[in-house]
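Worksheet: the structure to be examined is printed underneath.
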Amino acid sequence: MIYDSACTKCKLHRGTESVCDPGFGQAQADIMVVSKMPNGDRYQAALEEDLAQAGVDLGRIYWASALKCRNFDANASNADVKACKPYLDAEIEKVQPRYILSLGNEALLATTGHSGITKWRGKPVELGNMTIFPTISPAAVLARPQNRPGYQADLKFFATMANGQQAEGVKVITPDTILSNDDLRLLKVRLKDAKLVYFDIETNIVPLQEFDPRARVISMCGTYVSASTGEVGGFRIPLYHPESPWRTQWRSMLRHVVPIMAKIPIRIAHNGKFDCRWLRKHSGVHITLTFDTMIGVHLLDENVQKGLKPQGTMRLGVAPWGVDTKDLLSMPIEEVLEYNFLDTFYGYLIYLQVREELIAQPRLLRIMMKLLMPASNNLTTAEGNGVWLDVERLAERTPIAQAKLDEIENKVRAYIPDPSIETWPTNKAGKKVEVNLNASIFAKWLLFDHLGLPVLARGKEKPDGRPGDPSMAEGVLLLLNDVPKPHPVVQTMLDRIEWQKAMSSFFGPYSGLYDENQKVHTSFKLTGTVTGRLSSGKEDASKLSGRTSSIRGVNLQQVPRDPFIRGLFGASPGRTWIEADFSQVELRVAAFCAKERTMISLYQQGADIHMVTAMRMTGKAAKNITKEERKKAKPVNFGFLYGMGWLKFIVTAFNNYGVKFSEAEAKAYRKAYFDLYPDLLAWHERQRRLVHYNARVQSPIGRVRHLPDINSPDPKVRAEAERQAINSPVQGLASDMALAGMNLFVERLTTEGLSDKVSVLGLVHDAINIEADDDVAGRAMVLLKESMEDMDNMRRLFGLDMTVPIVADVKVGRHWGDSVELTEEQVYDFTTLDKMGLVA
DNA sequence: AGAGGTGGCGCG
DNA sequence: AAAGCGCGCCACCTCT
């Protein structure tokens, strides 16, 4: 007897009649499906339909669950899952399944011992004779329809695996392995004849990426198509691997092969920016890509998992290959090469599919070929060049920041009692906790227990229903300070936040991130956001095999505006820093999308909408509005524009202005905003209708945001999708305009022969940073401004008829943080930089 | 010790 | 009735 209807091993038996429900199905099933709890009838029927549709034979299934008690009131913890596990183990022992489908985090934990379904989904786990395949739970799909495509793809893959089918139409070719000079000669002949190559490299993992002195390329593989015969071939080159014949000559090998690859007409990779950067650094040749499968996949559906392996399983039905590559150098070379080659061969097959799908959607294809591929190539160069870090300033300023932090912390220490005090907080183990002024158990005890400050906000409620911990966020501290006689510790803690953040997030990391040329490098992702914006940070872990914790890289899009920190970055010696920001670009694009007559006319007159809002917020005349007040108008404009309600407006107004609005006043203010810009509400309504009808929206140039959550049963989830439908086309177009501006700028540099004298450093959403040799900086800033403002370019590329003027403001200087904004006249005046003393 | 989840905050 | 959007990183806590 493996079940016990009197079981009391965990809390779930309380409050339910349904204790320890047995599983059911074929006694000798070779497939077991494990849900979180015993399924209800409707849920079971839906699941069966999903599985049948994916091709799973229902007659082969035994249905089981991680938790045997059907109890929706109790929030199951991992401990509950563990307590219930013996029942499931007994079922597995009895049924002896060959394949287990684990649905959701609880089932994942019960069957594999792992936690984190988003990480483990789609990855088969071998356990003895069984293969356990985790995916998300049908409940998660129901709540968020966005999850459905991935869920269906997982089920399909599971069916393929359980049915023992070879993936249809996938027959891996036999590649050539390059082990001798004769092999190399033959490879060169073949590559010179190729019309297409899909390539991939494996590298060791080093903190500074390709610039680290320890950086090595371990192998390079490719799949190519012969121009003369049309046949598909493959090559595998072992490089810096202990078993490789080219171990000591790996760079020289690259210098033989990469220049030939760079001349093949069609050059493809998956997230190829990475490969191109490494190859550029170590062979000296920059391969410009003509297609990138990761970008293509993302453009077709921004919600899908875009790694090569998930794509391989979803699109090709092949099993994930080469998992667990912790240390490629100690793996047998054959395994490394097989894995590396499969990346290129499957990648090539994915390319064929993605290409067809894009051809069927010409607007997306155009964005891909005319915007994103050039951008990818330009960003490859930017990432490789890096941004100069003023190491001298860093050395000066780090101790200043640290001293400031120490000074503040000493002030707080005056309020800390002797640790012998009875109430001193303890951890779970009963040990007294250390003094820690971050948002820790200790700090919360100090403020809210020991010093008796009122708890104004709490974090999320605990899983077991206990209230969340007191919040000591900045906003809460501000409220605590907003009383007649605030406790002095509050202001001190407020001062501390800024310096703590500065030390931990900026001064600390920067000191270990620069290469021998004082350059810091980021990795921009063209596929990092759902709207089309770039994300910036460290290299994607999936590109590197090994200890991901040592991957490093700076996020250039979150450097504080404070010149004390932003001023750590600058133009490299002999060069000038130039930054051009689109002025209020999202508001302009929104005015364009909404056809908002008042906004458009304001912009055509050269007005400033943030200023208009600031005047209304403060009741002052334009000439009396301070820079700070104008800055504070931004969140109000963006908030209302994208659907902020009156409640959040009250919070925003208080945090930014210290102005308290009543509910009625806030509602009236919001109404006044939409009365001023009457076309906005109609536009909101239009976007809502569109997304309800299509479950997707498009930007004016055709970039798509899929919003399947619009069909969620949860009204909050639906409302979220509606707001995203309003925001996405705006954010997406603004971002694509910045990419187009960068591309055009780089083209013009080439035309004017300035490529070696000017470098793009990166994008910060609506800003482009460059550095230019001092003698051409004046020309560079004009070119940059003109390229960004060139809406004829957008018309040529995408047929866009931008009816709102687009303006880019230019700043120049030696450093990022202390560059000075120029007037339009100054930008076009060739004596400006001379007058500013910026010409050497 | 490492991983996941959450809160908080940097940027646009 | 009520509702900003988009990111990445750090620190902490909990759990294994």
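Every chain is numbered from 1 and lettered A, B, ... according to where its sequence line falls, protein lines coming before strand lines.
- Picking from C:dG6, C:dG4, C:dC13 the nucleotide with the shortest atom distance to the side chain of A:Ser440 gives C:dC13.
- Between A:Glu663 and A:Lys667 there is a salt bridge, since at least one side-chain N of the basic residue sits less than 4.0 Å from a carboxylate O of the acidic one.
- More than 12 heavy atoms of other residues, nucleotides or ligands shown are found within 6.0 angstrom of NZ on A:Lys85.
- For A:Gln731 and C:dC5, a side-chain-to-base donor-acceptor distance below 3.5 Å is present, hydrogens and geometry of angles not being considered.
- Side-chain proximity of A:Gln558 to the nucleotides C:dG4, C:dA11, C:dC9 is greatest for C:dC9.
- For A:Thr529, whose side chain is taken as the heavy atoms from C-beta onward, the closest listed nucleotide among C:dC7, B:dC11, B:dC9 is C:dC7.
- Candidate nucleotides B:dG10, C:dG6, C:dA3 were compared by shortest atom distance to the side chain of A:Arg688, and C:dA3 ranks first.
- Looking at A:Glu539 and A:Phe274, their side chains come closer than 4.5 Å, going by heavy atoms from C-beta outward.
- Crowding of A:Lys671 atom NZ: a count of heavy atoms from other residues, nucleotides or ligands under 6.0 Å not exceeding 12.
- For the OP1/OP2 pair of B:dG10 and a distance below 4.0 Å, the side-chain nitrogens and oxygens of A:Gln557 include no atom meeting the criterion.
- Distances were taken from every side-chain heavy atom of A:Pro509 (C-beta onward) to each of C:dC13, C:dC10, C:dC7; the shortest belongs to C:dC10.
- Which of C:dG4, C:dC12, B:dC9 sits closest to the side chain of A:Asn727 comes down to C:dG4.
- Among the nucleotides C:dG4, C:dC12, B:dG10, the one closest to the side chain of A:Phe506 is B:dG10.
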